[in-house]
Peer 1: 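Please find one structure pasted underneath; my questions will follow.
Chain naming here is simple, since letters A, B, ... match the order of the sequence lines and numbering starts at 1 in each. Heavy atoms only: backbone and side chains are in, while hydrogens, waters and symmetry mates are out.
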Amino acid sequence: MSRFWKPGSEKPSTLLVDDEEGGVVFLSSSASSASSSGGWLGRWRATYWLHSAQTFGCPVASRVAEEAGVKLGEEGITMIKFLTDGVLIREMMEDPLLTKYSVIMVDEAHERSISTDMLLGLLKKIQRRRPELRLIISSATIEARSMSTFFNIRRRNSLLGSSDDMPDPEPAILSVEGKGYTVEIHYVEEPVSDYLQAAVNTVLLIHEKEPPGDILVFLTGQDDIDTAVKLLNEEIQHLGRHYFDLLILPLYSGLPRTDQDLIFTPTSKGKRKVVISTNIAETSLTLEGVVYVVDSGFSKQKCYNPVSDIESLVVAPISKASARQRAGRAGRVRPGKCFRLYTEEYYLNEMQAEGIPEMQRSNLVSCVIQLKALGIDNILGFDWPASPSPEAMIRALEVLYSLGILDEDAKLTVPIGFQVAEIPLDPMISKMLLSANDFGCSDEILTIASFLSVQSVWVSVRGVKKEFDEAKLRFAAAEKKVIDIRGQLLRLMKGFGIPLKSCEGDMKAVRKAIIAGSFANACHLEEYSQNGMYKTTRTSQEVYIHPSSVLFRVNPKWVVYQSLVSTDKHYMRNVIAIEPSWLTEAAPHFYQYRTPNPALS
DNA sequence: GAGCACTGC
C-alpha cells in the first residue's frame with residue numbers, strides 16, 4: 001500500500017506524494033460534501049501545501065497561492081499548474097506522454113464529463129508507457145470503486161503484456177471527510193403527481209414550520225422555474241402578511257447577469273430567500289446561507305440518438321449521486337434539511353446509483369477528432385471508463401468523413417483534417433472557416449464563427465420588455481467575448497496561411513461558405529404542411545425553425561441549420577435559406593440530384 | 001412561439 005499523507009497529520013516535507021512504489025491513488029469524498037469551488041482541492045488547499053509553488057494565471061491558482069502564502073508564479077521546487085481536462089488533452093497534442101508532469105490529479109472525476117472520461121482513458125494509456133507517473137483521481141465515494149477497477153484492469157493487462165516488473169498494481173482508495181454539516185432527509189409518503197405544485201407547497205410549509213434559513217429548490221428548466229416563481233408569488237399575495245418575508249428568486253444560466261447577482265446578495269434580516277434553480281446550483285454555483293433544499297428528483301439531461309444524429313434535452317430522473325449532491329447543498333452553513341419530492345422506497349429501490357456518463361449521451365465528432373489527432377487510430381477499441389455505443393462512434397466517423405476531415409482509412413486528411421483538429425470548435429464550423437477563403441469571405445465567416453461560439457448575444461424575449469438596459473449590458477458583455485474569440489480564431493487562420501478577405505456584402509458567397517460546413521444539416525419544407533414543418537434530407541426527421549430565427553414564419557423552401565435544440569419539437573437554430581443546387585455543388589459525394597419522377601408529382 | 005450545465009482558441 002502506498003504511503004500517503006493523511007489530512008490532519010503532519011505535513012509532508014518535500015514531495016506531494018511520497019509514494020516510492022508508484023501506482024494509482026484514488027481519493028474519494030462523499031458527494032454531498034464536495035465543494036463546488038474546486039471539489040477536493042477546495043478543501044485541501046489551505047493545509048496541504050509545499051515550500052513553494054508556481055501557479056499559473058487562473059483564479060483558482062491565485063487563490064491557492066494566496067492561501068498557501070506563496071507568490072503566484074514564483075520560481076520554486078515544485079510547480080503546480082491548474083488547468084481543465086480539455087486543456088490538458090490539447091497539451092497532449094504537443095507532448096503525448098505529458099512528460100512535463102510527474103503527478104496528475106483529476107478533480108471531480110465523478111462528474112463524468114466527456115473530457116474527463118477521455119482524459120482518464122488517455123492517462124491510462126500514458127501510464128503504460130510511464131509507470132512512474134502518479135495519478136490522483138478524486139471522485140465521490142459512489143464512483144471510486146468503478147474508477148479503481150478501470151485502472152486496475154489496465155494494470156493487469158500491461159503486466160501480462162510486458163516483462164517490466166511493475167510495482168503494486170493495486171490502486172489505493174483514500175477517503176477524505178468533507179466538512180459539510182449533517183442534512184436530515186425527508187421523503188414524501190406518497191408519490192406526487194405534480195412536482196411543481198408539490199415544490200411550491202413544500203416551500204410554504206418550510207416557511208411556516210421551520211426556523212430561519214434560505215431555501216433552494218431544484219427544478220428542471222426555465223419554464224418550470226418561471227411557473228413556480230409565479231405560483232409562489234400568487235400564493236404569497238393570497239396567504240398574506242406572514243408570507244411577505246419570502247423573497248422568491250429564479251436561477252438558470254439564461255438569466256441576465258444582474259438577475260443572477262441578486263441570488264448572491266445576503267438575505268436581509270427577517271427575510272427568507274427562496275432560490276428556484278436548475279442544476280446550475282448543483283455543481284456550478286454555490287449559494288451561501290441555504291439551510292433547506294427541496295429536490296424535485298428531476299433534471300434536464302442531454303441524450304443523443306445516433307440514428308438521427310440529434311442531441312436533445314429531456315426531463316429525466318436524477319441519480320442517487322445527484323440527489324446526495326443536492327441534499328449536501330443544505331449543509332454548508334449549519335445542519336440542514338432536504339425535502340425530497342419522491343418516496344424513500346423510490347430512492348432506495350428505483351433510483352440509479354450513478355448518472356449515465358456524458359460520453360454515452362452525446363454526439364462524438366469532437367471527441368473522435370481529438371483522439372485521431374493524438375494518433376489513436378483504433379477508436380472503437382479505445383479503453384474508455386464507459387464505452388460509447390458503436391453506433392455513435394460510427395456516426396461520428398461518417399460525419400467526419402463526409403466533411404473531408406477523415407479519409408477512407410479513417411485517418412485525418414492533410415491539411416484539412418489536421419487543421420480542423422487544431423481549431424477548438426465544432427468540426428462543422430471549423431470546416432466552414434477553412435472553406436471560407438474559397439468563397440472570398442473569410443472575414444465575414446470569421447465573425448459568424450465567433451458569434452456561434454457564444455451562447456447568445458440576445459437576451460431572452462421574455463426579459464426584454466422590462467429590462468431593456470440589462471439586455472444592452474448583456475449584449476455588450478457577449479460582444480466583447482465574441483471579439484476576443486474572433487481574435488484567437490484569426491491567429492489560427494493566419495497560422496494556416498488563410499488570408500483575411502471580405503466579400504463586400506456578397507451574401508450568396510457567405511451562404512455558400514456556410515454550406516461547406518453544414519451541408520449535412522439541409523432541410524426542406526414539407527409542401528403541404530401548414531405549420532412550417534421541415535424534414536432533414538439525411539434522416540427525414542421532422543424539424544421546425546426556431547421562433548427566435550428571423551426566418552421563423554418566412555419558411556424558405558430549403559434551409560441549412562447550424563444547431564438543433566430539441567425540446568418538445570426539434571427546433572433549428574441559426575438557419576439560412578439556400579438553393580438545393582448549392583448542396584450538390586458543395587458536397588457531391590454526399591448529395592446526388594434525383595430528377596423528380598413526374599408520375600409521382 | 002421558445003434555452004440543463006460546462007469546456008476549448
Peer 1: Has A:D194 got a side-chain atom pairing as donor or acceptor with A:Q197's backbone, closer than 3.5 angstrom?
Peer 2: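 Yes, A:D194 side chain to A:Q197 backbone: donor-acceptor pair under 3.5 Å.
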Peer 1: Report which part of the nucleic acid A:T84 touches: base, sugar-phosphate, or nothing (heavy-atom distance under 4.0 Å, all strands).
Peer 2: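 If one applies the 4.0 Å heavy-atom cut-off, A:T84 turns out to touch the sugar-phosphate alone, with no base involved.
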Peer 1: Applying a 4.0 Å non-hydrogen cut-off, can you work out what A:L425 is touching in the nucleic acid: base, sugar-phosphate, or nothing?
Peer 2: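 Answer is base: heavy atoms of A:L425 come under 4.0 Å of a base.
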Peer 1: Using a cut-off of 4.0 Å on non-hydrogen atoms, how would the nucleic acid contact of A:V565 be classed: base, sugar-phosphate, or nothing?
Peer 2: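 Here A:V565 touches no strand at all.
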Peer 1: Between B:dA5, B:dA2, B:dG8, which nucleotide gets closest to the side-chain atoms of A:P547?
Peer 2: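 Between B:dA5, B:dA2, B:dG8, the one nearest the side chain of A:P547 would be B:dA2.
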Peer 1: Any side-chain donor-acceptor pair under 3.5 Å between A:E282 and A:S322?
Peer 2: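 Judged by distance alone, the side chains do pair up.
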Peer 1: Can a side-chain donor-acceptor contact be found between A:Y252 and A:D226 if the only test is distance below 3.5 angstrom?
Peer 2: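 Yes, a side-chain donor-acceptor pair sits under 3.5 Å.
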Peer 1: Rounded to whole angstrom units, what separation is found between the CG atom of A:D85 and the P atom of B:dC6?
Peer 2: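 The distance from CG of A:D85 to P of B:dC6 comes to 15 Å, rounded to the nearest Å.
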Peer 1: With sequence neighbours excluded, give me every salt bridge (Lys or Arg N to Asp or Glu O under 4.0 Å) pair touching residues 545-560 of chain A.
Peer 2: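 Listed by first then second residue: A:E527-A:K557.
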Peer 1: A:I545 has an atom CD1; how far is it from atom P of B:dG3, in whole Å?
Peer 2: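 Result: 15 Å.
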Peer 1: Let's see if you can work this out: which of B:dA2, B:dG8, B:dC6 has an atom nearest to the side-chain heavy atoms of A:H546?
Peer 2: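 Ranking B:dA2, B:dG8, B:dC6 by closest atom to the A:H546 side chain puts B:dA2 first.
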Peer 1: Picking from B:dG1, B:dG8, B:dA5, which would you name as closest to the side chain of A:E358?
Peer 2: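 Selected nucleotide (nearest to the side chain): B:dA5.
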Peer 1: Give a yes/no answer on whether the side chain of A:S115 brings an N or O atom under 4.0 Å of OP1 or OP2 in B:dG8.
Peer 2: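 Looking at the OP1 and OP2 atoms of B:dG8, neither is under 4.0 Å from any side-chain N or O of A:S115.
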Peer 1: Considering only heavy atoms, which members of residues 488-495 of chain A lie under 4.0 Å from some atom of DNA chain B?
Peer 2: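 Output list: A:Q488, A:L489.
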Peer 1: Please give, in whole Å, the distance from B:dT7 P to A:L452 CG?
Peer 2: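 Distance check: A:L452 CG to B:dT7 P gives 19 Å.
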Peer 1: A:G86 near the nucleic acid: base, sugar-phosphate alone, or nothing, with a heavy-atom cut-off under 4.0 Å?
Peer 2: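 Nothing, no heavy atom under 4.0 Å.
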Peer 1: Not counting sequence neighbours, list each pair that qualifies as a salt bridge (Lys or Arg N to Asp or Glu O under 4.0 Å) and has a residue in residues 412-421 of chain A.
Peer 2: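 Passing the test, one end in residues 412-421 of chain A: no pairs.
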Peer 1: Between A:Y571 and A:H546, how do the two ring planes meet: parallel, tilted or perpendicular, split at 30° and 60°?
Peer 2: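 The rings of A:Y571 and A:H546 stand perpendicular, inter-plane angle above 60°.
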Peer 1: Without swapping roles, check the side chain of A:S296 against the backbone of A:Y195 for a donor-acceptor pair under 3.5 Å.
Peer 2: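 The answer is no, because no donor-acceptor pair under 3.5 Å joins these two groups.
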Peer 1: In whole Å, what is the span from the CZ atom of A:R112 to the C1' atom of B:dT7?
Peer 2: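 It works out to 17 Å between those atoms.
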Peer 1: Using a cut-off of strictly less than 4.0 Å, decide whether A:S299 has a side-chain nitrogen or oxygen near OP1 or OP2 of B:dC4.
Peer 2: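 For B:dC4, neither OP1 nor OP2 has a side-chain N or O of A:S299 closer than 4.0 Å.
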Peer 1: Side chain of A:Q222 only, heavy atoms from C-beta on: which candidate in B:dG3, B:dC9, B:dA5 is closest?
Peer 2: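 So the side chain of A:Q222 is nearest to B:dG3.
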Peer 1: Could you pick out which residue, A:S366 or A:L251, lies toward the 5' side of DNA chain B when each is mapped onto its nearest nucleotide?
Peer 2: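 Per heavy-atom nearest nucleotide, the more 5' residue is A:L251.
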Peer 1: Output the rounded distance in Å from NE2 (A:H110) to P (B:dC6).
Peer 2: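 My rounded result for the distance is 15 Å.
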Peer 1: Quickly work out the A:D484 CG to B:dG8 P distance and round it to whole Å.
Peer 2: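 Between P of B:dG8 and CG of A:D484: 12 Å.
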Peer 1: Distance check needed: B:dA5 C1' versus A:E108 CD, whole Å only.
Peer 2: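 Atom-to-atom, A:E108 to B:dA5, this comes out as 13 Å.
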Peer 1: List the atom of A:Q562, the atom of A:N521, and the distance in Å for their closest heavy-atom pair.
Peer 2: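 Looking at all heavy atoms of both residues, the shortest contact is O-ND2, 3.9 Å.
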Peer 1: Send over the distance from A:L564 CG to B:dG3 P, rounded to a whole Å.
Peer 2: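 So the two atoms are 12 Å apart, to the nearest Å.
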Peer 1: Check every atom of B:dC4, B:dG1, B:dA2 against the side chain of A:R553 and return the nucleotide holding the closest atom.
Peer 2: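 The closest nucleotide is B:dG1.
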